[in-house]
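Below: one structure, written as structure tokens.
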Amino acid sequence: MAVLAALPEALAAAVRDGDSVALEGFTHLIPHAAAHELIRQGRKDLTLIRMTPDVIYDQLIGAGCAAKLVFSWGGNPGVGSLHRLRDAVEHGWPRELDIEEHSHAGMVNRYVAGASGLPFAVLRGYVGTDLVDVTDSIAPIDCPFTGERLTAVSALNPDAAVIHAQRADRDGNVQLWGIVGAQKEAVLAATRSVVTVEEIVDELEPVPGAILLPHWVVDWVCEVPGGASPSYAAGYTERDNDFYREWDAVSRDRETFLAWIHSNVMTEAR
Amino acid sequence: MAVLAALPEALAAAVRDGDSVALEGFTHLIPHAAAHELIRQGRKDLTLIRMTPDVIYDQLIGAGCAAKLVFSWGGNPGVGSLHRLRDAVEHGWPRELDIEEHSHAGMVNRYVAGASGLPFAVLRGYVGTDLVDVTDSIAPIDCPFTGERLTAVSALNPDAAVIHAQRADRDGNVQLWGIVGAQKEAVLAATRSVVTVEEIVDELEPVPGAILLPHWVVDWVCEVPGGASPSYAAGYTERDNDFYREWDAVSRDRETFLAWIHSNVMTEAR
Amino acid sequence: MSDLGDVNGGPSAEDMMTVAASRALEGRRTCFVGIGLPSLAANLARATCAPGIVLIYESGTIGSKPERPPLSIGDGSLAETADTVVSSAEIFNYWLQPGRIDVGFLGAAQLDRYANLNTTVIGDYRRPKVRLPGAGGAPEIAASCKETIVVVRHTPRIFVDRLDFTTSVGHGDGPGARERLGLRGAGPVRVITDLGVLEPDPGTRELVLTSVHPGARPEDAVARTGWPLCVSPALAVTEPPSAAELDALRALTS
Amino acid sequence: MSDLGDVNGGPSAEDMMTVAASRALEGRRTCFVGIGLPSLAANLARATCAPGIVLIYESGTIGSKPERPPLSIGDGSLAETADTVVSSAEIFNYWLQPGRIDVGFLGAAQLDRYANLNTTVIGDYRRPKVRLPGAGGAPEIAASCKETIVVVRHTPRIFVDRLDFTTSVGHGDGPGARERLGLRGAGPVRVITDLGVLEPDPGTRELVLTSVHPGARPEDAVARTGWPLCVSPALAVTEPPSAAELDALRALTS
């Protein structure tokens, strides 16, 4: 049952050290403000889950919040590598980072299984790739009708899902539209959920292409205007592509990165 | 690639004797006009597929078009039994009707598997019911990660799917909204598809809750205003609940039924 | 048939059944609703004891608030008044299956002492005496909702010693059956009829008559049950419908 | 590096690669587009040889018609100009997996003689020299599209004898490999580089240089390939970019 709350309180209640957390979003509606709050709260040993870890996961990893990353594509879209992710994987800085790696099709089906109350999902995927050898949550499965061999992936049920959406009403019904990614599945698969929104409104006007997360499957709703920036919220904010380009330089160097976190995250007005 | 066509031509090309055909819809957008055209064309030996066979399936079965019914709930919603379906199953009139019976959850997952290019789907279902004993397309399956036993159902890939929608554009992009049921899955799972629409428009205005079937997955689009009546098309027509109540009396008696078909279907203006 | 006063325009046995069913939703947050009497009772609950309850229909509507109970579960009013409408695939996979819905409302053509249900056939499956509509959403509602409530008329044709076909599992063959089958919901917690209320015995899981409606006698229930029905030593009498309940019911059905 | 005349403001090798890639979409109905050069080429095709082509992005947009190629595959312009936007689950399960998409466009950090691709790591998987972004949608694009086209620069770092990691399967270990693995699409039909075009030999499935771009020499391609590259006896020279192609390209990138 959704509770309207301030972001620090909601995240303190929803995300604890050692939790598995999915801050989902496919380029659109990335929950930057929530990720920064997790860094400020000094969360440790998180298992970070996401199809497309980008700048906020680079920041969480570089800030030492993560023990493990479960993902399918980790990059700065259209720009290049995530240098903090690379530094963690290649050199163990600031700490070793475990990797559980899938394809997008596999990751999204893991969320679907989690949202559906199933322990696994079936897909045509991975066959002939080396992912099968390095990832334990992939296994062959045979069709009981045709005998055909397919691939199973285990369900994802994060301890917490954190997403950003355009708006919610005062009951906590959440509405989002545009590229909707795997956000619904992540929230439905998770034990706890926090949704930051651009605004809280009296009435949710229907919007073409919008999906709704009913108040009774959401735990906390926090009004955080601009909470996706430098990502965007269709209808509210524009993507700051320059920020993503500039992040490449900021993140290449450990000291520059730490200074950036200090100035832009740790001292950000709460 | 969608072709705009007249309904008789489209159905003559899409549905042949002996085909498996899904005329889908969940109370809303039931393709009555298309079903009547199939009766007029004298189709035989069809395997009729649908989650919720209602009056049009009663008519197709009573008219002798069907050899088999694959379904999960066959009734006149809110009214009672389908008497033609009952007569076929209980007394083999006008011919024997094979039955392949599922639950809604199983049927819809069979469509999902078919639409997804998979030979089966997995669900929590059927366990402890007698459906397991009478239906071959249900089988146990074990999770390769947890060992838990679940249920598999085989995919449905009808030879043809026939649905009704609110509208299409001149390229054949189809838009439908309101209760959307399993129509998208039925079309994506089928080899061929026919969509009747209330109107063909120059431009499809976005509508909240609407789904779109792109022109390149639809084969024939036919403008048939009122083609769902006495079912309804949200935003265009209202459900004629009286017709459904009156169908109970019409369909109880074989002669009354045949006379109704003669007057209302066979002699209907094409 | 018990009769609370049809002739005087008072509540009928059917009204009492509906009201009793509506009361069973008090304190519940979400309800998966079948069509017919369950839908009427669920909407009555929304108008009386459970104003905030979220009604979910298997046609894919979540949070429907119809002014009148619809003839069919696919009525336009369910979609128009819903918080959201989802596909058939989504309603069963994302919403029903994981067990996130508090209570499921079911009817049946046959019910046995463990509240297992038949909605498939009377007689032999391959050449039945009566071909019923079939399973619909019931098997998975019965499996997955946190609890289920069954609403049926109390007649010997329905309350049978042995089902002709098991469409939906209640308490299976007794204690531990649901756990052995891997069904995650608690199963039927109450059967509401036009005569009274039955609840599974906590030990044997067999249905016990725990309440009779005003004007109905436990003997009537026993006589209309195809197995030796146990009557609770603490048998209660159902609180009669209040004026507010009857007014709300009339407003829904007038 | 071949150079078609950068100094004179004429087409660069990069332009030639983009134009050649765009031409590969002629006659195709639907294309699953990766980001970067594939997206630019796909949108160039829409502006030139394949005006009706339906572009599908893994962010869930179907029928996107952006005025400019987006920086990321989740850009707002892709959703705003799309025929429809679907969830991540739907784009992979209903649209990509069943093999209904004609052609998939892929890039890679490493490619071998059978057009198998690596986008995961350079070096050892557990302690890599370079950690690359990973698989994304590529393994299933490579498996499921009716055909795939790979667009990469022709350098020794990319054209390797042996992949450090197989992220996406091309022609596996040669003839019959895709069938043995149960991959239903035909796999890579063309590799387009800044030097020319490679196609799998119909018998051996090994990539053969079948065309060089104007100004490029087959020796350049052989020298930049980590295995003994076969050159087709019928080696063609790629038609240079037309004025219309270059104008359209400038309009997209200016």
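In what follows, chains are A, B, ... by sequence order, proteins preceding strands, each numbered from 1.
- Counting heavy-atom pairs closer than 4.5 Å to chain A, the top-ranked of the candidates Val153(B), Asp136(B), Thr146(B) is Val153(B).
- The greatest number of non-hydrogen atom pairs below 4.5 Å with chain B, out of Cys143(A), Ala139(A), Ala155(A), is found for Cys143(A).
- For the pair Leu118(A) and Leu150(B), the tightest heavy-atom approach, listed with the atom from each and the gap, is CD2-CD2, 4.0 Å.
- Smallest separation of non-hydrogen atoms from Arg124(B) and Pro119(A): NH2-CD, 3.8 Å.
- Only the backbone of Leu123(A) has a heavy atom closer than 4.5 Å to any heavy atom of chain B.
- Neither the backbone nor the side chain of Ile211(B) comes within less than 4.5 Å of any heavy atom of chain A.
- When the shell of 6.0 Å around CD of Glu199(A) is examined, it contains more than 12 heavy atoms from other residues, nucleotides or ligands.
- Of the residues considered (Ala121(B), Pro144(B), Pro206(B)), Pro144(B) shows the highest number of contacts with chain A, using heavy-atom pairs under 4.5 Å.
- Within a 6.0 Å sphere centred on CD of Glu238(A), other residues, nucleotides and ligands contribute 12 heavy atoms or fewer.
- Among Ala113(B), Ser137(B), Gly209(B), Ser116(B), the residue making the largest number of heavy-atom pairs under 4.5 Å with chain A is Ser137(B).
- Neither the backbone nor the side chain of Ala210(B) comes within less than 4.5 Å of any heavy atom in chain A.
- Both the backbone and the side chain of Val122(A) come within less than 4.5 Å of a heavy atom of chain B.
- Heavy-atom minimum distance, Ala152(B) versus Phe145(A): O-CZ, 3.6 Å.
- With a 4.5 Å cut-off on non-hydrogen atoms, Ser154(A) touches chain B through its backbone and its side chain both.
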